[in-house]
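The block underneath contains the structure these notes are about, expressed in structure tokens.
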Amino acid sequence: MDLISLYPTWYESTVGSGWVVAFIATFHVLASHTSVGAALLFAYLSHKAYREDREDLLDFIKKYGLFLLVFTYVAGSITGPGIWYSTTVASPNGIGALIHSFVWKWATEWVFFVIEVVGVYMIVYLVGKVDKRTHMKISVIFGVASLATMLIIVGILSFMMLPGKEAWFQHGGYLNGFYGENTFIQLAMRMAFMFTMTAVVGGIVVAGIKDPAFKKEMARKLGWLGIISTLIGAALFQLYLKAVPDQALLVMENRLPTYFEPSIIAVLSGTLAYFILTMLRPQVLVQAFAGAMAVVILVAGLWPEETARESMRKPWVAGQYVYSNQVIGRDVPGMGIKSQIPLLEKEGILKAHPFTPASLRTANEGNKIQAGKFIAMVYCSNCHSPSKTGIRPLSRYIPDNITEARMEKYVKGVLTTGNIAYMPKMPMLDSEVKALSAFLVLNKEGGEKAVDAAIHQEIQARQQAKLADSAKNKIAALTQEGK
Amino acid sequence: MDASQVSQITDMMYALRNPAGLPTYPIIFIGLSVLTFALHILFVQLMLGTSAITLIGAFSQNAYWRRLGAAMLEVAKVSVSVAIVIGVAPLLFVQVVYDPHWYTSNVLSADWVIGFIIFLILGYWAMYYYYFVNGANQDKSATPKARWSMLLSLALMLLVGFIMHSLTSQILHPELWKSWYLQQNGMLDYTGDKLHEWNLWRYAFFISLSIPVAGGMLVTYRRFKSVRSDADHAYLNWAAEVGKKWIKVGSVISTALYVGWMMTLPETAGNFATSLWGILAGVMVLFYAIWAQVRLKGEARFCSYMALPVALVIGLIVATSREILRYDILNGFFHYNFWDYKIVFDWYSTGLFFLTFAIVGGVVLSYFLTIAWKAGQTVGVYTPSAFVNKLGTLSIWIVVLWVVQFFIVGFYVWAR
């Protein structure tokens with residue numbers, strides 16, 4: 001029996017599994033980037049405190065550190081594995097591809113995580129309990145270790161879009177997969193925005209400073225940090241777009257919502273305006289305003305960026321060989337990986353999926369809605385929610401009053417052949433095309449309720465047929481005995 | 001289950017393996033997984049046990065208990081962080097070797113997997129809330145405020161522990177995976193809103209180990225604080241006595257729960273309960289009580305520091321036994337061979353990890369922990385010796401060199 005590496009499907013009907021991943025990822029990026037930026041800022045401030053013998057800077061580090069400890073380290077350290085958890089359930093083969101290629105890189109990052117966690121407690125709790133020189137040394141180690149976590153993860157993140165070097169497909173090798181033009185430009189861009197985040201979040205701590213002169217000094221320091229990093233980050237973003245595959249740019253041009261570009265420009269301008277305002281008039285920087293602005297600027301800036309990155313790599317979800325629907329869509333000789341498409345073309349998705357129930361292994365008139373829903377869940381639900389809400393609902397893409405015959409033509413002509421640039425090729429047997437089409441039409445017309453009712457009917461009819469068969473067999477056996 | 005059903009389940013598990021393979025031998029990942037799990041669960045137990053002491057202190061009228069509760073809250077806070085960060089490692093390694101099992105188990109209970117993250121954050125924040133409400137109060141004998149938040153924190157921590165317990169239990173039942181996906185009414189369950197499997201004996205056993213581990217923490221606490229010039233010896237000796245009692249009573253309770261777990265193992269586990277590893281883990285848990293009775297008599301200054309390392313060694317044996325149980329079920333019964341996982345060797349990343357682990361981790365953590373240790377024992381400002389200062393300078397050089405090698409190798413590969 002030929003089976004492929006497909007897992008059961010998890011379907012979150014309200015927002016869609018893709019958005020659950022996006023929520024957690026955005027939150028984590030906010031927390032983790034702020035932490036790394038702050039770690040480097042602490043190293044600088046701690047060094048300055050040592051050189052100039054200043055207590056106020058150490059006090060600022062302690063306050064900012066405690067704020068980070070509670071909000072970004074707690075949330076960041078949990079949402080880090082949280083991304084694994086969410087991708088495990090939403091995209092197991094996507095995360096599996098990354099884990100199996102970069103397990104040692106993650107393990108290396110973990111060494112730095114341990115250093116970071118011990119370090120942040122020491123930076124916060126040892127202010128005033130160790131001499132300034134020792135505090136500076138701890139801060140420098142902490143800052144560089146934090147940076148190392150960023151260096152490591154960026155290579156893995158860039159692999160999600162495409163392997164570092166084209167040679168990886170033919171020759172494999174961790175180094176070919178990890179390092180490339182995309183890796184370094186993305187790293188530089190993230191580092192710039194990381195300082196923007198540090199400056200924005202740091203405003204909350206600056207808002208709490210009582211001494212006007214010190215408040216002004218810190219507002220200016222963070223303001224300059226924020227302005228310079230935002231401008232550099234924006235320029236690097238343009239450069240980053242030159243380091244992504246043409247396919248990604250095509251998707252970006254065609255698929256990203258029209259509000260994407262204006263919203264990015266608005267966020268960048270708003271961020272710069274905020275920094276200029278807080279530098280010129282530090283007294284406006286009160287905690288509620290700073291907190292609200294941190295949420296607005298960071299979430300409004302991060303959400304479109306994370307959405308864009310997720311959209312641009314379509315139809316792939318990892319390494320340009322795992323489709324977003326979890327099927328392996330191309331050969332990777334360097335890793336001994338074979339495309340699963342030929343098997344799917346021959347056997348169909350129902351037979352090749354390890355979790356297809358026996359009653360659905362062959363699509364027919366007696367199970368077509370349930371089989372169709374199963375196929376839609378496997379092939380479509382990662383990017384298109386079968387419900388009315390959630391991520392890009394399927395029903396929105398299907399015209400009103402469409403016939404099953406017309407739907408079949410579309411499925412066969414476009415989906416099974418992979419004739420849409422940003423969608424995976426989805427091989428199906430003719431019987432599966434019919435089943436999926438019947439489901440899509442019913443889902444469009446009657447929604448989930450009608451689909452569930454139809455599936456119930458199919459199940460009942462199958463059970464009745466089974467009972468009738470069993471009764472017939474019993475009668476035949478009794479008749480045989482009577483003879 | 002007949003042979004053909006078993007064979008179908010084995011085929012399914014093999015099909016689910018990630019085709020990218022592993023960069024080195026599976027035994028290395030399993031070994032690291034056991035080691036890091038033992039460390040992780042030790043801090044989980046420390047966090048639960050010290051949280052419980054914080055709560056006892058919060059609800060007690062006894063001044064010593066109040067003080068102890070406040071002191072153990074500090075340990076609980078740090079232990080959560082350390083448990084989380086160390087927990088990343090076994091979470092990584094389980095995905096490498098047990099990917100068919102871990103991913104299936106998770107997807108089938110996906111809502112709970114996501115819930116885990118939310119409950120853990122809330123539990124942790126609830127602990128911090130309790131800390132911020134009471135931390136500034138210098139009078140540690142006063143009745144704490146917002147005790148509900150500490151109760152909520154412990155309840156949420158126990159809940160996330162239960163979720164994790166359930167997910168790892170589900171790994172052991174590949175024969176039930178399909179029936180969890182296809183419900184009895186014939187509908188497929190895409191919601192992931194159920195936890196399908198658990199064993200309360202097993203869960204209670206791992207949780208109950210928090211009692212002896214917290215006991216070990218208390219005797220260590222006494223030893224650590226007793227060298228300070230401002231130490232209150234009467235209070236510290238009292239804390240150590242509580243700790244010794246907790247080690248002894250807790251180990252006996254844990255051993256009883258372990259026996260309950262062994263008696264409720266599924267049939268697929270074969271005769272694991274009466275095997276060497278099955279018996280050894282239970283005996284070692286009981287051994288902790290005996291060790292405490294023999295070695296922690298009187299002052300026991302050195303052995304006070306041994307209380308937690310001994311707990312770790314026992315935890316390591318329990319973790320090994322747990323791994324062998326998993327192996328016995330999945331390999332012994334279902335014939336899923338862990339050792340024939342496809343290997344695509346990658347010496348560079350394997351070597352880099354072990355060097356980073358040993359050199360960067362070893363030197364930097366030695367420096368950090370020395371500073372933390374000495375500062376904790378010093379009244380006023382701690383100024384390190386010349387040797388410790390040199391260790392700090394060396395640590396800076398090592399992390400900087402690591403970053404430099406990252407860029408040198410990276411640019412070389414890019415330019416090649």
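In this text the structure is predicted, and so the values were computed from the model without any measurement. Proteins get letters first, then strands, A, B, ... in listed order; numbering begins at 1 in each.
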Subject >> Residue pairs involving residues 405-416 of chain B (criterion side-chain hydrogen bond (donor to acceptor under 3.5 Å, both in side chains); sequence neighbours excluded) >> reply: A:Asn176-B:Arg416, B:Tyr348-B:Gln405
Original post:
Quick one: what part of B:Tyr341 sits under 4.5 Å from any heavy atom of chain A, side chain, backbone, both or neither?
Top reply: side chain
**OP:** Measure up the A:Tyr11 and B:Tyr190 rings against each other and bin them: parallel (under 30°), tilted (30 to 60°), perpendicular (over 60°).
**Re:** perpendicular
Original post:
So with a 6.0 Å cut-off around OH of B:Tyr25, is the heavy-atom count from everything else above 12?
Top reply: no
**OP:** Counting only heavy atoms closer than 4.5 Å, note whether B:Leu365 contacts chain A via side chain, backbone, both or neither.
**Re:** side chain
**OP:** Under 4.5 Å heavy-atom distance to chain A, tell me which part of B:Ile84 shows up: side chain, backbone, both or neither.
**Re:** side chain
**OP:** Under 4.5 Å heavy-atom distance to chain A, tell me which part of B:Leu32 shows up: side chain, backbone, both or neither.
**Re:** side chain
Original post:
From A:Ser359 OG over to B:Leu188 CG, what is the distance, rounded to the nearest 0.5 angstrom?
Top reply: 7.5 Å
**OP:** Would you please classify the geometry between the A:Trp104 ring and the B:Phe29 ring as parallel, tilted or perpendicular, with 30° and 60° separating the classes?
**Re:** parallel
**OP:** Name the region of B:Val78, side chain, backbone, both or neither, that has any atom closer than 4.5 Å to a heavy atom of chain A.
**Re:** both
**OP:** Taking all heavy atoms of B:Ala89 and all of A:Trp110, pick out the closest pair and write down the distance.
**Re:** CB-CE2, 3.6 Å
Original post:
Does B:Phe345 have its ring centroid less than 6.0 Å away from the ring centroid of A:Tyr174?
Top reply: no
Original post:
With chain A, which of B:Val400, B:Val82, B:Thr36, B:Val88 has the greatest number of heavy-atom pairs at distances under 4.5 Å?
Top reply: B:Val88
Subject >> Under 4.5 Å from a heavy atom of chain B, the part of A:Ile138 involved >> reply: both
Subject >> Side chain, backbone, both or neither of A:Val74 within contact of chain B (heavy atoms, under 4.5 Å) >> reply: both
Original post:
Hey, what do you get for OG1 (B:Thr383) to CG (A:Asp131), rounding to the nearest 0.5 Å?
Top reply: 4.5 Å
Original post:
What are the two closest non-hydrogen atoms of B:Ser395 and A:Ile141, and how far apart are they?
Top reply: CB-CD1, 3.5 Å
**OP:** Sort B:Tyr131 into side chain, backbone, both or neither according to what part of it lies under 4.5 angstrom from a heavy atom of chain A.
**Re:** side chain
Original post:
Can you say whether B:Leu92 sits under 4.5 Å from chain A via the side chain, the backbone, both, or neither, judging by heavy atoms?
Top reply: both
Subject >> Atom pair CD1 (A:Ile95) and CD (B:Gln95), whose distance is rounded to the nearest 0.5 Å >> reply: 6.0 Å
Original post:
Checking B:Leu182 against chain A: side chain, backbone, both or neither under 4.5 Å from a heavy atom?
Top reply: side chain
Subject >> chain A contact via B:Val399 - side chain, backbone, both or neither, heavy atoms under 4.5 Å >> reply: both
Original post:
When rounded to the nearest 0.5 angstrom, what distance separates CE in A:Met335 from NZ in B:Lys342?
Top reply: 6.5 Å
Original post:
Checking heavy atoms, do the side chain of B:Phe368, its backbone, both or neither come under 4.5 Å from chain A?
Top reply: both
Subject >> Contacting moiety of B:Phe357, where chain A heavy atoms sit under 4.5 Å >> reply: both
Which side-chain N or O atoms in residues 110-126 of chain B pair as donor and acceptor under 3.5 Å with protein atoms at least two apart or in another chain?
unit_1   : atom_1 : unit_2   : atom_2 : d
B:Asp111 : OD1    : A:Trp10  : NE1    : 3.1
B:Trp112 : NE1    : B:Asp193 : O      : 3.0
B:Tyr124 : OH     : A:Tyr121 : OH     : 3.1
B:Tyr124 : OH     : B:Lys77  : O      : 3.3
B:Tyr124 : OH     : B:Ser81  : OG     : 2.5
B:Trp125 : NE1    : A:Val70  : O      : 2.8

Original post:
Cut-off 3.5 Å, side chains only: do A:Lys137 and B:Thr393 have a donor facing an acceptor?
Top reply: yes
Original post:
Among B:Trp177, B:Tyr103, B:Phe354, B:Phe407, which has the most heavy-atom pairs under 4.5 Å with chain A?
Top reply: B:Tyr103
